[in-house]
Amino acid sequence: MDFNSYLDPFLETLGREALQQVQLKKFQLMLDTILPRNAFYSKKFASLPIASPTDIRSYDELRLLPFTTKSELSSDQAQNPPYGSNLTFERNRYTRVHQTSGTTGEPLRCLDTEESWAWWARSWKTVYHAAGVTASDRIFFAFSFGPFIGFWSAYEGARLIGALSFPGGGMSSYQRVKSILANDISVLVCTPTYALHLAEVAEHEGLDLAKSGVKTTIHAGEPGASLPGTKARIEELWNARCFDHAGATEVGAWGFGCSAQRGLHVNEAEFIAEVIDPVTGAPAREGELVITNLGRLGMPVIRYRTGDRVRLSDEPCPCGRTYLMLEGGVMGRVDDVIIIRGVNVFPSAIENIVRRFPEVTEFAVDVLRRNELDELAIRIETTGNDAEVSAAIEKEIRAGLGLRVHVTVVPVGTLPRFDLKARRFNDQRTPRPAGVRG
Ligand SMILES: [Zn+2]
């Protein structure tokens with residue numbers, strides 16, 4: 001156990017029942033503030049048999065409350081532009097606005113007050129603490145610094161830690177590599193994909209990042225940092241320890257990696273997490289993550305369906321924390337499972353296998369239908385022997401996932417590179433099989 005990495009040693013090691021009581025107390029206080037003022041939730045909860053917020057004293061009673069969904073928030077915002085009716089306070093109490101990427105529709109705008117912005121920073125402080133980041137570190141943020149909240153909250157949290165922060169927005173990848181070396185950076189924050197891309201750029205320029213001062217990398221936006229294949233690759237290229245993190249604009253920075261590096265802890269000081277069967281809504285060990293945030297009173301989410309697929313660990317985490325551990329982090333989106341000839345395949349499972357091959361610098365997966373049969377085709381860029389690498393990947397995927405795939409090699413530098421959320425999976429089947437959304 002590394003007690004230095006605990007932000008709150010008491011809370012982080014509390015027994016489950018006592019921890020739930022702390023959470024429910026916070027939740028009651030939150031309801032007390034929001035219900036008389038927040039039009040969205042007072043309307044949503046109007047018909048419920050809850051006389052007072054203090055009626056919710058257990059997780060069972062919490063489950064009496066309905067779920068909140070992204071589409072609900074989006075349509076509320078469309079009907080009540082520009083910020084919707086999920087506002088607890090007068091507009092002038094809010095000091096920050098951010099928005100989601102909007103890849104699947106109109107972006108969702110989210111507001112924060114000074115208090116809730118401090119709460120975001122505190123959640124990030126937990127992420128840094130657990131990764132062993134201290135005031136003596138120099139952090140580089142390889143982000144574009146647009147209106148996406150992750151950039152700014154990560155940056156704000158670093159200030160609480162007292163580390164020196166370098167905002168790497170508006171720079172080319174090469175300029176970022178040079179800045180990392182010139183400033184003797186010790187911590188890199190970016191997506192897993194982008195950490196690999198920076199290493200590729202450095203190698204192309206004859207620079208060795210394994211010899212840089214970077215000892216820790218923190219990643220979010222994709223499952224990579226908890227996928228053993230991707231994690232090992234990042235750690236080797238950067239000669240650093242790689243930590244996972246997860247959050248969402250409408251929810252908060254809810255997850256953090258620890259020294260055990262086996263997945264994500266839920267920051268249960270600031271969030272209540274449930275895992276449900278995405279079809280029935282019943283509690284489950286593996287399924288969709290549902291989150292209630294406890295510190296964003298100005299624009300809260302209660303029992304929010306994140307769409308993230310997770311699995312609860314059955315064993316206590318070696319780091320000593322009693323906070324929930326999600327084995328393998330976020331495994332993907334509940335609705336991004338690809339069904340190939342009746343076999344459910346998660347994009348992350350394919351990535352995990354492809355990343356075991358250090359010769360592969362980038363890849364893309366195409367799902368096609370030929371002669372009424374589904375086919376999975378993988379395009380790779382490789383620095384190794386074309387025929388050997390493709391044959392080895394085909395073999396590993398057949399052995400690991402029971403799928404026949406066809407791997408082709410394309411010239412280096414021809415596949416798209418991503419600096420935010422990578423989109424390597426292209427389902428080209430029309431119509432897509434029933435039950436597949438997104
Ligand atoms: Zn742990």
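All ligand and atom numbering here is 1-based and tracks the order in the structure. Computed from a predicted model, the values in this text were never measured in an experiment.
Using a 4.0 Å cut-off between a side-chain N of Lys or Arg and a carboxylate O of Asp or Glu, Arg417 and Glu381 qualify as a salt bridge. Between Arg285 and Asp314, at least one side-chain nitrogen of the basic residue sits less than 4.0 Å from a carboxylate oxygen of the acidic one, meeting the salt-bridge criterion. At a threshold of 4.0 Å, the pair Glu270-Arg296 does not count as salt-bridged, since none of the basic side-chain nitrogens sits closer than that to a carboxylate oxygen.
Residues Phe145 and Tyr155 bring their aromatic ring centres within 6.0 Å. A distance below 6.0 Å separates the ring centres of Phe271 and Trp119.
With no hydrogens or angles considered, a side-chain donor-acceptor pair links Gln23 and Tyr59 at under 3.5 Å.
Only protein N, O or S atoms were considered, and those under 2.8 Å from the Zn ion (ligand 1) are Cys258 SG, His265 NE2, Cys317 SG, Cys319 SG.
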